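Please read these numbers as outputs of a predicted model, since none were measured by experiment. Remember, it's 1-based here, ligands and their atoms both numbered in the order they're listed. Throughout, residue positions are numbered sequentially from 1 according to the sequence presented.
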Amino acid sequence: MIDRNIIIELIILLFLSSHSRTCIARDTLSLNQSIVDGQTLVSSNGTFELGFFTPGNSKARYLGMWYKNLTPLTIVWVANRETPLSKNSGVLKLNENGVLVILNDTNNSIWSSNTTTKEAKNSITAQLLDTGNLVLKNGEENILWQSFDYPCDTLLPGMKLGWNLVTGLNRFESSWKSEDNPAKGDYSVSIDIRGYPQIVLKEGSVIRLRIGSWNGLGFTGYPTQPLKQTQKFEFVQTDKEVYHRYEVVDSSVVSIYKLSPSGKLRALAWTSETSDRIVIETGMEDSCDSYAMCGANSVCSMNGNVPKCECLKGYVPKFPDQWNISYWSNGCVSKNKSNCDNSYKDGFLKYNDIKLPDTSSSWYNKSMSLVECQRGCMKNCSCKAYANVDIRNGGSGCLLWFDDLVDMRMFSQWGQDLYIRVPSSDLDDVSVSGKGNKKKHIIQITFGVTISGFLTCACIIILIKRVEPRIYNLGQLFQLRQKYFKLKKEDSDLPIFDFPMIVKATSNFCSRNKLGEGGFGPVYKGTLIDGKEVAIKRNSKMSDQGLQEFKNEVLLIAKLQHRNLVKLLGCCIHKEENLLIYEYMPNRSLDYFIFDESRSKLLTWSHRSCIIDGIARGLLYLHQDSRLRIIHRDLKSSNILLDGQMNPKISDFGLARTFGGDQVEAKTRKLVGTYGYMPPEYVVHGRYSMKSDVFSFGVIVLEIISGNKITGFYDPEHSLNLVGHAWRLWIEHIPLELVDAQLLQTIRSSEILRYIHVGLLCVQEKPEDRPDMSSAILMLNGEKILSQPKSPGFYTGKDLPEAISPSSNQMSVTIFEAR
Ligand SMILES: *[C@@H]1O[C@H](CO)[C@@H](O)[C@H](O)[C@H]1NC(C)=O
Ligand SMILES: *[C@@H]1O[C@H](CO)[C@@H](O)[C@H](O)[C@H]1NC(C)=O
Ligand SMILES: *[C@@H]1O[C@H](CO)[C@@H](O)[C@H](O)[C@H]1NC(C)=O
Ligand SMILES: *[C@@H]1O[C@H](CO)[C@@H](O)[C@H](O)[C@H]1NC(C)=O
Ligand SMILES: *[C@@H]1O[C@H](CO)[C@@H](O)[C@H](O)[C@H]1NC(C)=O
Ligand SMILES: *[C@@H]1O[C@H](CO)[C@@H](O)[C@H](O)[C@H]1NC(C)=O
Ligand SMILES: *[C@@H]1O[C@H](CO)[C@@H](O)[C@H](O)[C@H]1NC(C)=O
Ligand SMILES: *[C@@H]1O[C@H](CO)[C@@H](O)[C@H](O)[C@H]1NC(C)=O
Ligand SMILES: *[C@@H]1O[C@H](CO)[C@@H](O)[C@H](O)[C@H]1NC(C)=O
């Protein structure tokens with residue numbers, strides 16, 4: 001009997017639940033209709049859902065909108081962000097006056113769309129559209145209210161960010177107070193319409209970051225726009241409106257911009273087939289992006305990971321003694337007052353690849369030419385600089401600055417040209433250097449970002465020169481350095497982290513925080529007390545390497561600094577455990593993207609070529625520019641991590657070796673490395689050199705282009721591995737068949753062809769035939785003629801010896817050196 005009752009009850013419950021589900025799957029409310037907590041509106045094609053939810057650890061209920069089939073729950077809009085409901089009793093109703101209201105359990109309105117209309121109300125409806133816009137309309141045309149006009153922390157495709165100048169409506173993104181509280185937080189992203197419009201991220205009323213002004217192609221502070229291939233940016237400026245909007249070009253890749261409670265503007269992108277997402281920090285790539293990092297009239301540039309400020313020509317530090325200790329925020333002042341009575345004596349100096357200064361006090365005219373612009377600036381004594389408004393078609397329009405020039409930075413590419421006014425006395429200074437054109441007083445100076453070795457590295461090279469050439473491992477090198485400089489461990493600037501702090505950061509190495517298994521041990525994600533996200537590598541079993549050596553090694557690796565090498569933040573030694581703390585890479589590693597059918601869609605050709613270029617630069621730094629001459633020896637796609645901008649970072653230096661003096665090659669009897677990425681001379685004779693890394697680099701290039709794994713790939717007809725397959729297609733003159741199908745729409749086939757060509761040159765059988773990294777970079781840039789590649793090493797899958805030990809699990813492996 002009991003059983004039967006339960007069954008009947010179950011059937012009724014099932015019926016009810018399925019019944020109510022079909023009942024509420026609608027997208028529209030008509031007059032007097034409502035939904036209660038638990039019911040939702042769903043847009044017609046099922047993309048968005050609107051209903052009541054509870055954020056994070058809060059207990060309050062809010063009416064919000066989210067992507068229906070996306071995990072984790074991604075809230076894109078909240079109605080009653082300032083007036084939460086305390087119980088699950090909220091009702092969303094289109095009331096008899098045609099106003100959308102949220103009622104609490106005493107039938108009081110706690111939020112309303114706050115609209116009035118004098119027209120007949122019977123045909124007013126509220127509809128959730130497939131774009132994520134909740135619209136209140138009277139008939140089809142007459143929109144009374146829409147959620148797109150009241151953004152919260154998320155910018156969706158098609159949403160306008162900016163101003164309706166007629167009504168004064170300002171649509172801006174504002175952060176949540178915290179993950180648990182959607183109320184308006186401290187941060188906002190908006191369009192500043194003083195002067196020429198620009199997008200700014202503010203904390204309260206203070207600007208923290210400028211995405212900058214529109215130049216026809218993009219925003220001056222955000223030239224890379226990593227999602228360029230899948231999004232189209234638009235900027236509209238008329239008498240009635242000023243707004244920015246973006247559309248998704250490839251509808252299989254969805255992307256949104258979210259402003260986090262801590263003020264980070266991030267693009268999230270995912271494909272329709274999977275909810276794995278890439279996270280891209282927008283606009284904030286390095287310290288130079290912080291607003292007015294260098295104060296007024298000075299330009300920020302990155303030197304490795306370190307920002308550096310330089311006064312504009314004709315300006316000097318306001319407080320030289322502060323400036324000398326890298327305290328830059330007071331900026332620079334002009335050295336000589338420009339001589340206005342004799343204004344033709346002033347000239348202009350062109351800076352390339354610049355983020356244009358703050359335009360809030362600028363003046364502009366979109367129809368003036370650059371020549372008129374210069375004349376205009378020359379005429380007015382207080383004009384400090386000029387530039388084109390629009391850089392398309394050779395440039396047009398005129399932007400003038402009359403105040404201090406604030407928040408400029410140098411980009412390595414894609415920046416804009418800025419012409420600054422300089423008194424003739426200072427121009428003469430420059431012309432001495434031979435580049436000036438005295439007649440017109442327009443002189444061009446081009447800045448490039450230089451990567452220089454660090455002082456310590458420079459010291460070490462001196463050290464190496466003094467002793468006989470031999471191979472050092474990093475630990476020995478550090479010991480030598482210690483002896484030479486009588487350094488104590490404590491003198492090192494690598495922070496030592498407290499173990500309890502790490503335990504706290506990872507919630508006691510909770511499996512939820514595990515990111516994966518590295519060559520060294522498990523890797524965990526951690527959040528430090530200040531909110532900084534880190535990756536923590538844990539090695540609980542002490543290797544046969546001594547503790548001291550571990551420390552030393554770590555201390556040395558900490559000195560390697562380059563934007564394409566992963567940055568070590570610190571270490572921690574606790575009983576039997578060695579822990580390394582690295583910067584956290586939100587986009588994991590290269591293999592995670594290129595070998596996955598749907599995730600690889602997110603990696604367009606421009607991403608992939610940038611990634612290849614970045615790996616090449618990182619490797620060049622290791623081989624040459626760091627002056628230490630380091631061979632990585634375990635380069636593979638899973639060791640290439642991707643940061644918030646999808647920049648590649650070489651990681652895992654566990655097997656790295658240092659060469660001293662004129663050493664070019666070494667020999668070992670113990671093979672370490674990873675199957676498929678090791679060159680023949682190493683596998684067969686145990687010989688390794690810089691050219692071993694070049695071989696591995698070539699394999700990675702082919703993997704990135706083809707989307708296939710070197711180890712997983714198999715050509716059924718010819719029993720070839722990926723390298724062999726690429727080589728066969730090359731000699732059969734059909735190399736483009738190697739290219740990942742995802743990239744086929746790309747029009748840059750000649751560029752892809754060049755990359756394949758370079759890849760094949762790098763995997764040639766004889767090390768001496770392979771280019772070194774500096775030539776490889778020139779070749780990738782198309783600045784060096786490419787020779788015909790000879791046949792590669794190891795291409796018939798079969799010719800690899802069986803007994804190759806895979807990548808070792810130790811931090812470093814002792815090898816038997818034959819000298
Ligand atoms: C809505 O409700 C009001 C008051 O309850 C009633 O006067 C009106 O006729 C209703 N309208 C519709 C379209 O049902
Ligand atoms: C709120 O309104 C609903 C529907 O009009 C009614 O059934 C309910 O009794 C009202 N509750 C209160 C507390 O007034
Ligand atoms: C409902 O909202 C009204 C107006 O904001 C408020 O005075 C009342 O206390 C609320 N009722 C409950 C149960 O929260
Ligand atoms: C909407 O509400 C705000 C305050 O919440 C008020 O200032 C504004 O006048 C209202 N607008 C309309 C159209 O009622
Ligand atoms: C739903 O409609 C939106 C907007 O038209 C479109 O971008 C999206 O691809 C559609 N989604 C599905 C699953 O059809
Ligand atoms: C600042 O440093 C430069 C060179 O390093 C030096 O010439 C100058 O005298 C210093 N100025 C002050 C105020 O310390
Ligand atoms: C400009 O400054 C330099 C050095 O600061 C000085 O020698 C020169 O006389 C000044 N020129 C004018 C026109 O003031
Ligand atoms: C902008 O420049 C053009 C060409 O020099 C000129 O005809 C026009 O009047 C200018 N407009 C404004 C608003 O100054
Ligand atoms: C120079 O420009 C400023 C700012 O637009 C203006 O206030 C000033 O009157 C101008 N001076 C001359 C001489 O045109």
*List for me each residue that meets side-chain hydrogen bond (donor to acceptor under 3.5 Å, both in side chains) alongside N393, sequence neighbours excluded, and say none if there are none.*
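Once residues adjacent in sequence are excluded, N393 has no partner under the side-chain hydrogen bond (donor to acceptor under 3.5 Å, both in side chains) criterion.
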*asked:* If I apply the N/O under 3.5 Å rule, does E96 come out as touching ligand 1?
replied: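 Such a contact does not occur with ligand 1.
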*asked:* Is a donor from one side chain sitting under 3.5 angstrom from an acceptor on the other, for E751 and W605?
replied: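 Yes, a side-chain donor-acceptor pair sits under 3.5 Å.
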_Can you pull out every side-chain hydrogen bond (donor to acceptor under 3.5 Å, both in side chains) where at least one residue sits in residues 177-192? Sequence neighbours excluded, please._
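Residue pairs passing side-chain hydrogen bond (donor to acceptor under 3.5 Å, both in side chains), neighbours aside: D192-R194.
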Below 4.0 angstrom from a heavy atom of [X], which ligand 3 atoms are there? Numbered from 1 as shown, please.
{"X": "T106", "value": "1 (C), 10 (C), 11 (N)"}
{"X": "I110", "value": "2 (O)"}
{"X": "N104", "value": "1 (C), 2 (O), 3 (C), 8 (C), 10 (C), 11 (N), 12 (C), 14 (O)"}

*Hey, what do you get for CG (L161) to CZ (F172), rounding to the nearest 0.5 Å?*
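Going from the CG atom of L161 to the CZ atom of F172 covers 10.0 Å.
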*Taking only Lys NZ, Arg NE, NH1 and NH2, and the carboxylate oxygens of Asp or Glu, determine whether R245 and E234 approach each other closer than 4.0 Å.*
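Looking at E234 together with R245, the answer is yes, because their closest N to O distance falls below 4.0 Å.
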*Aromatic ring proximity, centroids under 6.0 angstrom, W77 and F48*: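 No, the ring of F48 stays outside the 6.0 Å limit from the ring of W77, centre to centre.
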*asked:* Can you work out which protein residues put a heavy atom within less than 4.0 Å of ligand 5?
replied: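 Under the 4.0 Å cut-off, ligand 5 touches N45, T47, D130.
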Quiz: residues 88-103 side-chain donor-acceptor pairs under 3.5 angstrom, not counting sequence neighbours:
residue	atom	partner	partner atom	Å
N95	OD1	N97	N	3.0
N95	OD1	G98	N	3.3
N95	OD1	V99	N	3.0

